[in-house]
Asker: 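Just passing along the structure, written as structure tokens.
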Amino acid sequence: MGKFTEIGKKWQEKWDKYKVFKVDNNSKKEKCYVLEMFPYPSGKGLHVGHSRNYAIGDVYARFKRLKGFNVLYPMGFDAFGLPAENAAIKANVHPKEYTEKAVKNFTSQLKSLGNSYDWDREVRTCDVSYYKWNQWIFLKLFNAGLIERKEAPVNWCNSCGTVLANEQVEDGSCWKCHNEVEIKNLEQWFLKITDYADELLESIKELEGWPGKIKTMQENWIGRSEGTLVNFKLKDSEEEIQIFTTRPDTLWGVTYMVYAPEHPKVMELVEGTEYEDKVKKFVDNVALGDRYSRTDDDKEKMGMFIGRYGINPVNNEIIPIYIANFVLPDYGTGVVMAVPAHDQRDFEFAKKYNIPIKIVIEPEEYSLDAETMIKAYVEEGKIVNSDEKFNGSTNLEAIGGINHYLEELKIGEVTTQYKLRDWLISRQRYWGTPIPMIKCDECGYVPVDEEDLPVKLPLDVKFTGEGNPLLGSKEFVDVKCSKCGKDAKRETDTMDTFFDSSWYFLRYCNNKFEEGAFDRKDMDYWMPVDQYIGGAEHAVLHLLYARFFIKAFRDLKLLNFDEPFSKLFTQGMVYKDGAKMSKSEGNVVNQDDMVEKYGVDSVRVFLLGLAHPSKTVEWGDEGIEASFRFLSRVYGLKDKVKEESKDYEKHLESKINKLIKEVEENIEEFNYNIALIKIMEFVNYLSKIKGNVSLEIYNDAFKKFLVVFSCFAPHLCEELYEHHDEGYVSLAKWPEVIENKIDLSLEKEEDFISGIVSDVHAVLKLVKIEPKKIKLIVADSWKYELFKNFKEVGSRDMKEVMGKVLIEGREKEISKLVPSLIKKGIDEVLLEREKEVELLERNKRMLEKEFKLEVEVLEDDNGKALPLKPAIIIE
RNA sequence: GCGGGAGUGCCAGAGUCUGGAAAAUGGGUUGGACUCAAAAUCCAAUAGCUUAGUGCUUACGCAGGUUCAAAUCCUGUCUCCCGCACCA
């Protein structure tokens with residue numbers, strides 16, 4: 001075990017034992033809630049990709065704590081879910097046992113990261129003490145009318161044996177097992193997230209601390225579009241067919257209508273006709289199978305005429321009705337009007353099935369010909385072949401008028417459509433929160449009384465792999481109706497685990513609270529979360545659901561804020577050998593191995609220093625070695641060194657203050673990589689000048705440095721801080737930046753001197769003799785004169801300087817010099833000769849030490865055409 | 001197709017918002033010092049030419065433009081990555 005591994009263990013034990021990071025709910029300090037998305041405790045354990053995620057949060061939490069905030073930084077486990085249950089079926093372990101083992105393993109791994117969590121606040125969603133409140137929330141939402149049971153086309157994953165929410169289907173496949181999803185019409189429990197579609201969309205604008213990417217994804221997912229519902233008549237019937245369109249200006253160009261094949265109305269329409277069998281076949285064989293196969297970029301449009309006709313309400317034209325695979329059953333009304341002339345999909349379909357194309361919008365410059373068109377005309381234009389009221393006007397401008405006209409005739413109404421669907425929350429699986437409902441033959445579905453909560457998940461069930469194990473548990477299923485008292489059956493579906501994770505961050509505020517899921521008082525103090533950290537993959541899952549929950553809770557007066565997460569940070573992934581780390585790829589770098597070998601601080605410094613935390617990085621073994629070496633160098637700085645001179649005191653004070661300032665700014669912006677670089681530069685400097693400052697100043701700077709660096713390498717810093725001060729560096733006060741100690745001209749001097757050093761080295765290398773003495777001669781040069789000229793101009797205004805330059809016709813020479821003048825100002829650039837001499841004198845001792853030779857500084861009044869830098873003479 | 005991001009040395013990656021001496025920092029490579037030796041550490045070099053130089057020439061995907069001055073701003077274009085996608 002390495003030195004750092006030992007130091008790590010030592011401090012982790014101390015932090016744990018003395019509950020150093022315990023947080024008080026009644027502090028007078030300003031609060032700061034820092035949170036990482038809690039993990040699902042899988043059996044696989046943590047790899048360095050996870051470590052990076054948690055390290056990002058810990059740096060921020062530690063920083064805020066040092067800055068004097070009362071920081072809530074908790075951790076917990078999203079412990080319900082399918083993998084545990086599948087393990088039960090496969091390996092014959094109970095999901096509870098599997099989960100407990102995984103949680104234990106995760107906890108020890110998380111602790112070995114040294115994150116400053118308050119472990120007393122841990123929550124596990126599979127504990128009764130947690131999921132009881134899931135049920136409590138369910139009842140609150142149910143009573144508020146936000147939960148309903150309804151039949152709808154839903155996504156069914158055969159391999160998971162359960163239904164899925166829309167958000168959990170990616171490219172037609174299950175997000176967990178990647179099995180292809182089927183569409184089934186089933187009765188299920190839905191959470192009416194669509195009631196909040198508008199607010200969820202509107203308030204995205206206010207999420208200033210969120211990445212634009214995530215906001216856009218949510219916007220697209222909610223997918224609001226303004227349009228018109230138009231009622232078409234069904235020929236030979238009193239019935240009407242309602243369609244949704246965003247283009248009422250093309251109503252006069254409708255030449256057919258299309259139903260989604262699986263639309264329930266379709267079979268009704270063809271019942272008893274010669275089309276019945278054909279339609280049935282089409283729906284079963286072609287349409288549904290094709291719905292989610294997105295292997296081809298342009299999927300072929302397939303459809304068929306169903307033998308029925310509709311009547312266009314604006315011109316009474318009789319138009320054929322089709323079914324086709326490009327119409328979605330659950331968007332709009334599941335039926336569309338088709339305008340082949342002005343919609344590309346409709347156009348392609350019409351061409352394929354020889355349906356007429358009617359032009360109703362034309363560009364100003366030329367006319368269209370339905371016969372020769374090769375694609376739909378979707379641009380702006382003037383209306384033609386329509387109602388005389390609208391012919392000739394610009395289509396976009398006419399939309400308002402057309403809508404008005406439709407509304408007057410009562411054949412249409414303006415409406416808003418969303419892509420967002422209600423959230424399907426029931427799952428036909430065991431390892432989740434039982435839905436607290438009872439089905440009574442008399443009373444229908446009845447909620448469990450609040451006093452009867454929790455509805456405990458029975459542990460004594462059989463896992464056969466067929467159906468929901470709860471169905472086989474008599475004690476669970478057989479129950480009395482909470483309304484009429486007669487025999488009834490308990491609901492055996494459990495909740496989607498995203499229900500659990502939609503409010504867990506509220507429970508952290510007081511995980512012992514017994515009178516409700518959370519205490520209003522704590523909500524007012526702690527919420528919203530100030531900084532949330534997690535993966536972008538949750539953009540339209542967890543992050544959307546949680547926003548919805550908070551808005552619903554607000555309307556139930558359970559709390560009083562609008563958004564759960566003020567700031568969101570989405571971290572990048574860690575790759576190895578060009579691929580995402582995963583067991584199947586066989587490229588997993590295990591956290592434990594790295595911690596054991598290099599110590600946890602090395603792992604942290606490496607993962608955070610590699611690139612900006614939001615970027616994907618590639619794990620490299622050389623990199624972690626480098627971090628390890630760097631920490632060793634820091635560790636070496638603890639050794640006391642004899643005080644030789646005090647030459648660098650001012651420099652050091654300037655440097656440390658600048659460092660504090662830069663690190664502070666960069667942590668705030670999550671530029672951890674830059675912050676670490678500044679720290680490395682400082683350490684290099686510190687080891688260079690050690691011995692040339694008084695111990696007092698050195699120790700003071702070093703102590704401040706330790707506080708700053710403790711965000712990144714807390715264990716090492718605790719260890720070193722112990723030699724300097726009492727208490728924990730983790731609980732120290734962030735050093736104040738003393739602005740007037742920051743002296744940039746000192747850095748200029750330093751550049752100047754290091755330039756001399758490197759020149760002398762070059763010369764020494766060249767002369768190949770054993771020199772006894774070095775003379776540095778400070779001399780004039782033409783550039784020196786030029787600077788002087790500028791000084792005489794006396795203006796720092798760029799244009800004036802440039803004017804002068806242009807007049808003298810010396811553009812080329814000047815253009816190289818002017819930038820530094822403008823950037824630094826004339827006075828700074830112009831290290832006057834006297835100053836140079838003084839500088840060299842001041843640094844003589846250091847130069848002598850460097851070269852192990854005597855150095856003499858001379859002024860040369862006769863110097864001509866010599867460099868601005870001193871000439872060097874080796875004797 | 002729509003939306004977002006990115007293209008800088010041998011590699012990773014700063015710099016772009018706010019134009020002003022391009023390449024911080026780390027890795028790698030080469031040379032040197034210290035070692036019996038290795039590791040570690042330290043020093044130097046690492047686009048080209050050149051030198052006792054704050055020298056010259058190239059150079060921030062490609063092509064243009066604005067400017068005294070462009071990696072940075074503008075226009076066009078190519079490539080890659082991510083998200084959404086038959087949404088009527």
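Letters A, B, ... mirror the listed sequences (proteins, then strands); counts begin at 1.
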Asker: Picking from rG26(B), rA88(B), rG13(B), which would you name as closest to the side chain of Lys615(A)?
Answerer: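 My answer, after comparing the listed nucleotides, is rG13(B).
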Asker: Using the side-chain heavy atoms of Ala626(A), tell me which of these nucleotides is nearest: rC86(B), rA12(B), rG26(B).
Answerer: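 Given the options rC86(B), rA12(B), rG26(B), the side chain of Ala626(A) is closest to rG26(B).
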Asker: For the pair made of NE2 in His263(A) and C1' in rA88(B), what is the distance, rounded to whole Å?
Answerer: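 Rounding to the nearest Å, NE2 of His263(A) and C1' of rA88(B) are 13 Å apart.
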Asker: Nearest to the side chain of Leu610(A) - rA24(B), rC42(B), rA12(B)?
Answerer: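 Nearest listed nucleotide: rA12(B).
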Asker: Which residues pass the salt bridge (Lys or Arg N to Asp or Glu O under 4.0 Å) test with Asp621(A), sequence neighbours left out?
Answerer: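 Asp621(A): no salt bridge (Lys or Arg N to Asp or Glu O under 4.0 Å) contacts found.
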Asker: For Phe670(A) and Phe569(A), take the angle between the two ring planes, folded into 0 to 90°, and tell me which bin it lands in: parallel under 30, tilted 30 to 60, perpendicular over 60.
Answerer: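 Parallel: the ring planes of Phe670(A) and Phe569(A) meet at under 30°.
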Asker: Could you work out which one of rA12(B), rC86(B), rC42(B) sits closest to the side chain of Phe326(A)?
Answerer: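 Within the option list, the nearest is rC86(B).
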Asker: Respond yes when some side-chain nitrogen or oxygen of Arg629(A) is under 4.0 Å from OP1 or OP2 of rU41(B), and no when none is.
Answerer: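 Answer is yes, contact under 4.0 Å.
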Asker: So, OP1 or OP2 of rC43(B): does either fall under 4.0 Å of a side-chain N or O from Asn684(A)?
Answerer: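 So the side-chain polar atoms of Asn684(A) never come under 4.0 Å of the phosphate oxygens OP1 or OP2 of rC43(B).
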Asker: Please tell me which of the listed nucleotides, rC42(B), rA85(B), rA12(B), lies nearest to the side chain of Trp221(A)?
Answerer: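 Among rC42(B), rA85(B), rA12(B), the one nearest the side chain of Trp221(A) is rA85(B).
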Asker: Here's a test of your reading of the structure: between Asp343(A) and Arg633(A), which maps to the more 5' nucleotide of RNA chain B?
Answerer: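 Comparing both residues, the 5'-ward one is Arg633(A).
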Asker: Look at the rings of His542(A) and His538(A) and say which category their plane angle falls in: under 30° parallel, 30 to 60° tilted, over 60° perpendicular.
Answerer: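 Ring orientation of His542(A) relative to His538(A): perpendicular.
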Asker: Could you please name the option among rG27(B), rG3(B), rG83(B) that lies closest to any side-chain atom of Met217(A)?
Answerer: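 The answer is rG83(B), which lies nearest to the side chain.
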Asker: Is any NZ, NE, NH1 or NH2 atom of the basic residue among Asp343(A) and Arg247(A) found under 4.0 Å from an Asp or Glu carboxylate oxygen of the other?
Answerer: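 No salt bridge links Asp343(A) with Arg247(A).
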Asker: In whole angstrom, give me the gap between the P atoms of rU58(B) and rA70(B).
Answerer: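 These two P atoms come out 13 Å apart once rounded.
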Asker: Which nucleotide in the set rG28(B), rU25(B), rA14(B) lies at the smallest distance from any side-chain heavy atom of Met680(A)?
Answerer: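 Looking only at heavy atoms from C-beta outward on Met680(A), the closest nucleotide is rU25(B).
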Asker: I want to verify a distance call: between rA85(B), rA14(B), rA88(B), whose nearest atom is closest to the Asn673(A) side chain?
Answerer: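 It is rA14(B).
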Asker: In whole angstrom, give the distance that lies between atom NZ of Lys419(A) and atom C1' of rC2(B).
Answerer: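 From Lys419(A) NZ to rC2(B) C1': 10 Å.
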